[in-house]
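So the structure is just underneath, and the comments pick up after that.
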Amino acid sequence: LIGEQHPHDAPQPLAPPGGVTLDPTIVACDATSVLSAGRRGPKPVLARWSRAQGTWQVVELEVEPRALATSFDRVAVVHDEGVRFFEGPSLAAGATLALHGARNVALAGEWLFVVAERSQVAIFRAQAGHWTLATSLTAPSAVLALAASESTLALGLPLDGEPGPRGGSVQIYARQAGTWTLSGTIVAHDAMAEQAFGSSLALANEELAVGAPGSNYVAGSVYLISLAAASRDWTLSGWRAEARQRISPFLFDPGERYPR
């Protein structure tokens with residue numbers, strides 16, 4: 001459902017193309033376009049809608065999406081052959097970055113972050129119309145989620161063995177003078193085994209949300225942490241912070257609001 005900016009406007013359902021079943025867990029959007037993964041029979045597809053004259057219409061399908069990310073007027077789609085880009089105001093299909101084995105992707109301005117192997121993250125920078133490899137990072141365990149801004153990169157390590165098997169953690173990298181450096185690690189304040197802390201991530205304005213589906217008796221929780229506050233409270237050379245604000249299905253009523 002897509003709602004307009006005014007609260008009284010009714011959401012408009014986006015009908016999938018014929019024969020396509022959408023996956024609501026993989027979606028990206030901005031003010032003029034919406035992308036969602038789905039399947040047409042046995043084949044994965046990517047449905048993209050474009051807004052024109054107040055209505056939403058399907059404008060394209062891209063076969064075999066594995067993951068996707070969006071930033072301003074650029075969309076990156078991971079598939080078997082690498083990372084394919086849709087760029088410009090109309091999100092026209094663009095070039096493909098050949099990177100076999102890519103699993104996940106994040107975009108932030110001129111920076112592209114690709115999980116190339118289970119624990120390897122390749123960082124590219126857009127220069128003169130091309131993507132140039134800037135550096136590669138190696139995490140201590142499998143990277144199953146990532147979120148990024150132009151100055152911060154968060155890697156979700158839900159299979160990390162601290163504080164117990166699949167307890168999970170999140171590594172934070174900061175960009176300083178063009179170099180990405182590990183600056184700290186985040187764990188839940190109530191960390192325990194099988195919590196899978198770091199299974200999903202969202203980052204905006206140095207505010208990080210971390211998903212932990214095994215938390216709270218497997219009901220799942222979302223932990224919130226201010227990375228800016230963590231930087232002030234801990235030294236940048238290896239600070240360790242605890243995510244203390246938690247949102248869980250057992251802890252709030254529908255409609256309840258949470259202050260920032």
Side-chain angles (χ1 to χ4, degrees), residues 25 67 69 101-108 111 113-123 135-176 179-251 258 260:
T25 64
R103 297 169 179 267
N104 207 341
V105 65
L107 274 172
W111 295 94
F113 310 86
V114 182
V115 180
E117 299 294 342
R118 286 178 57 84
S119 59
Q120 301 290 323
V121 179
I123 301 180
T135 188
S136 295
L137 308 174
T138 301
S141 63
V143 178
L144 299 187
L146 72 166
S149 67
E150 293 192 71
S151 59
T152 304
L153 170 65
L155 302 181
L157 313 175
L159 305 183
D160 193 11
E162 184 182 352
R166 293 175 293 279
S169 65
V170 176
Q171 285 191 336
I172 304 297
Y173 288 80
R175 181 172 65 88
Q176 297 179 333
T179 301
W180 292 89
T181 306
L182 179 64
S183 61
T185 301
I186 300 174
V187 296
H189 71 278
D190 56 352
M192 62 181 63
E194 306 297 337
Q195 199 170 41
F197 181 85
S199 292
S200 56
L201 299 171
L203 175 65
N205 300 322
E206 300 305 298
E207 302 287 334
L208 180 67
V210 183
S215 173
N216 195 33
Y217 303 101
V218 200
S221 297
V222 175
Y223 294 79
L224 308 178
I225 186 169
S226 171
L227 298 180
S231 299
R232 290 195 299 268
D233 295 338
W234 303 77
T235 64
L236 282 177
S237 57
W239 54 260
R240 179 183 178 85
E242 292 183 344
R244 290 190 168 275
Q245 185 176 1
R246 186 179 76 172
I247 300 175
S248 173
F250 289 169
L251 301 179
Y258 282 81
R260 292 187 60 185

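Just so you know, these numbers use all the heavy atoms, side chains as well, and skip hydrogens, waters and symmetry mates. The structure presented is a predicted model; accordingly, all values stated were derived computationally and were not measured.
- In this view, Ala106 and Phe113, Leu146, Ala148 satisfy the side chain to side chain contact (heavy atoms under 4.5 Å, CB included) rule, not counting sequence neighbours.
- Here the CG atom belonging to Leu155 is positioned 10.0 Å from the OG1 atom belonging to Thr185, to the nearest 0.5 angstrom.
- With sequence neighbours left out, the side chain to side chain contact (heavy atoms under 4.5 Å, CB included) criterion links Ala145 to Leu201.
- Note that the OG atom of Ser215 and the CE atom of Met192 stand 7.0 Å from one another [nearest 0.5 Å].
- Between Ala122 and Ser136 the shortest heavy-atom distance is CA-OG, 4.3 Å.
- Minimum heavy-atom separation, Gln195 to Gly167: CB-O, 3.7 Å.
- No side-chain donor-acceptor contact under 3.5 Å links Arg103 to the backbone of Leu144.
- When all heavy atoms of Asp160 and Ser169 are compared, the pair lying nearest together is OD2-OG, 2.7 Å.
- A pairwise comparison of heavy atoms in Ala154 and Leu208 identifies CB-CD1, 4.1 Å as the closest pair.
- Qualifying side chain to side chain contact (heavy atoms under 4.5 Å, CB included) partners for Glu206, counting only residues two or more places apart in sequence or in other chains: Ser149, Ser151, Thr152, Leu227, Ala228.
- Side-chain contact between Gln171 and Val121 is absent, with no heavy-atom pair separated by less than 4.5 Å.
- Taken to the nearest 0.5 Å, the CD atom of Glu150 stands 10.5 Å off from the CG atom of Leu107.
- Here Thr138 pairs with Gln120 under the side chain to side chain donor-acceptor pair (under 3.5 Å) rule; sequence neighbours left out.
- Checked by atom type and distance alone, the side chain of Ser183 pairs as donor or acceptor with a backbone atom of Ile172 at under 3.5 Å.
- The two atoms that bring Ser141 and Leu157 nearest to each other are OG-CB, 3.5 Å, heavy atoms only.
- With sequence neighbours excluded, the residues satisfying ring-ring contact (aromatic ring centres under 6.0 Å, His included) with Trp111 are Trp180.
- Within the 4.5 Å cutoff, the side chain of Leu137 has heavy atoms near those of the Ile123 side chain.
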